[in-house]
Amino acid sequence: MSADNQEKSHEKMDIDSNNPAQDEEVAVEEEEEDDQDVEKIKILPGASEDGTAASFQIIEEDHTLGNALKSMIMKNPEVEFCGYSIPHPSEPKLHLRIQTYGNITAVEALHKGLDDLASLCTVVEEKFSQSVASNNYKTVIS
Amino acid sequence: MQSDNSGPIVKIRDVQPDCVNFVLSECDLALANSVRRSIMAEVPTLAIDIVEIEENSTVLADEFISHRLGLIPLQSDDVDSLLYNRDCSCGDYCELCSVVLTLHAKCTSEGIQTVYARDLLVEPNHSNLKIGQPILNDDANKGSVICKIKKHQELKVKCIAKKGISKEHAKWSPVAAVGFEYDPWNKLKHTDYWYEEDADKEWPKSDYCAYEEPPNPDEKFDYTAKPNNFYFDVETVGTINPNEVILRGIRELRNKVAGVIYSLDEIVARNANEGNAENIGGAGFGTVYGGATQYGGTAYGGTAYGGGTQYGGTAYGTQYGGTAYGNNSAGNDDYNPTTGWD
Ligand SMILES: [Zn+2]
């Protein structure tokens, strides 16, 4: 995957002149590290033309988000592939790859995965609170 | 417990002042593990972060004592009322982002005097809040030992406690240990037991074996089986009560998700505005999500994702118990399901 996408991304950088961010990508890369307003998530170069396959980079996240999100996106029957990696241990970056069967875009699949994960967290929290409120447990042992 | 068979189930077994034992069921290993990681590393607490040493004639070096002070558990129930120091507009530290504790101990008698965490005095700025008081959970209510001093030795320090998370430094962890276990009979073969002659005889059985069916030796190995019950045993350090630690851990996980949703919506909207939609594939995001989707079917289990989404006007209901996303009573984060972040 990587070699293929690398080539495509270079092509794209040359063609895509209406996106100033991409033109300056190389120059900006160094400063980006210190910039407070740097994007939490971005779409990495090399997404397919129709948007059904794309890679994302999420900064300052790790396996805590990555693994749960990946497993949630994989549950979607429209998604053919989803995987994540942390390319380098000393960079706080999470890469997420999504490929769908073609009926939805990767962005939609990601958005749905995020929404579902958030809902699931809410429900686990509620179930825990209910369980606490039910008082149906031991409070002292031995 | 509720008997609806969709979505996760939580059963609390046992709660003590500093631990909680519960089972999380009907969910993925991935989610359970994220909850565990979140509890251990993402829940904010208060800990001493800067120590100004005025006098230290003890036998311990300044940095040695500073390290010990950092590890002392401080009451963190109301830590949410503090800002992170890095987000505060003050240049150094202030009462909005820190709690100041002072310690002055001097030995004037023969023999050895012990300095304890209870000797730390909290400056009264936050006296109406449960924040900053050293945790004194031992029988004598003295707290952790800081150092021992002999006649004429003195320790005088000013400590600045700040809000932080244990991903940065373990002193901010709300928990001493999180027990996390699943599949006590090892039916899934995720564990490979070392043995001399017979693993069954040489290894002790898990306490949780009583809650699950033992394996049937005549049955074939089920390679499609997935773990379903996750046994948590969370022991806190006393800074936040154990039930609250779990809830805050789950909330931190959801806040992470909300943060990514917010940013994703932003870049999608910007791409759509710039007519740069080919970057993300065809139509700008939002149109495709309107109204009914193709998820109404099977694989998601029965009732599925109820027709409308938040993008189609109605609240976002899921099969996980039908709560509107972000509309729960406990959700005090700023994420609003219809408008994004406030
Ligand atoms: Zn401040």
Side-chain angles (χ1 to χ4, degrees), chain A residues 16 18-19 39-43 47-54 56 58 60-72 75-78 103-108 110-112 114-132 134 136-141, chain B residues 1-2 7-16 22 24 27-28 30-31 33-35 37-38 41-42 243 246-247 250-251 253-254 256-264 267-268 274 276 278-282 285 288-289 294-295 297-300 310 316 318 320-321 323 325-326 328 330-331:
Chain A
D16 213 348
N18 63 346
N19 185 346
E39 294 286 358
K40 181 78 178 170
I41 185 168
K42 69 178 183 186
I43 298 167
S48 70
E49 283 300 314
D50 59 359
T52 57
F56 302 87
I58 305 174
E60 281 157 12
E61 292 298 347
D62 56 16
H63 302 279
T64 305
L65 182 73
N67 197 29
L69 184 57
K70 183 215 76 172
S71 100
M72 194 51 80
K75 281 176 190 287
N76 188 333
E78 294 294 340
N103 295 326
I104 59 170
T105 66
V107 172
E108 285 159 15
L110 172 59
H111 211 294
K112 179 160 172 51
L114 288 163
D115 285 343
D116 292 347
L117 185 54
S119 309
L120 194 53
C121 288
T122 305
V123 173
V124 173
E125 188 188 333
E126 281 171 359
K127 290 286 173 77
F128 190 86
S129 299
Q130 282 169 13
S131 195
V132 172
S134 76
N136 185 20
Y137 47 82
K138 279 193 298 180
T139 45
V140 180
I141 194 168
Chain B
M1 263 327 288
Q2 281 187 322
I9 295 168
V10 175
K11 180 163 171 42
I12 300 181
R13 287 232 172 91
D14 178 23
V15 178
Q16 289 172 61
F22 67 98
L24 178 60
C27 78
D28 289 334
L31 181 83
N33 192 46
S34 290
V35 171
R37 287 175 62 97
S38 194
E42 308 279 353
N243 290 338
I246 311 300
L247 291 172
I250 299 167
R251 265 173 236 161
L253 181 58
R254 195 186 50 209
K256 284 170 165 291
V257 177
V260 179
I261 293 175
Y262 170 71
S263 180
L264 182 64
I267 61 163
V268 166
E274 287 171 2
N276 201 8
E278 72 271 15
N279 257 1
I280 52 154
F285 187 76
V288 195
Y289 256 83
Q294 61 275 59
Y295 302 128
T298 50
Y300 280 43
Q310 70 195 80
Y316 186 77
T318 74
Y320 299 120
T323 44
Y325 169 48
N328 62 317

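Both backbone and side-chain heavy atoms feed into the values below; hydrogens, waters and symmetry mates do not. Here is how names work: the chains are called A, B, and so on, in the same order as the sequence lines, proteins then strands, and each is numbered from 1.
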Problem - Side chain, backbone, both or neither of A/Ile58 within contact of chain B (heavy atoms, under 4.5 Å) - result: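 Side chain only.
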
Practice task
Measure distances from B/Asn243 to the heavy atoms of chain A and classify the residue's part below 4.5 Å as side chain, backbone, both or neither.
Solution key: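 Interface part for B/Asn243: both.
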
Problem - Contacting moiety of B/Leu264, where chain A heavy atoms sit under 4.5 Å - result: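 For B/Leu264, backbone and side chain are both near chain A.
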
Practice task
Please identify each residue that fulfils side-chain contact (heavy atoms from CB on, under 4.5 Å) with A/Asn67, with sequence neighbours left out.
Solution key: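 Partners of A/Asn67 under the side-chain contact (heavy atoms from CB on, under 4.5 Å) test: A/Lys70, A/Tyr84, B/Ala30.
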
Problem - Distance (rounded to the nearest 0.5 Å) between A/Asn103 CG and A/Glu78 CD - result: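 Going from the CG atom of A/Asn103 to the CD atom of A/Glu78 covers 4.5 Å.
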
Handout entry: Side-chain donor/acceptor of A/Ser131 to backbone N/O of A/Lys127, under 3.5 Å
Key =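 It does not hold such a pair.
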
Practice task
Just jot down the side-chain hydrogen bond (donor to acceptor under 3.5 Å, both in side chains) partners of A/Thr64, sequence neighbours excluded, or say none.
Solution key: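 Scan of A/Thr64 (side-chain hydrogen bond (donor to acceptor under 3.5 Å, both in side chains), adjacent residues dropped) gives A/Asp62, B/Arg37.
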
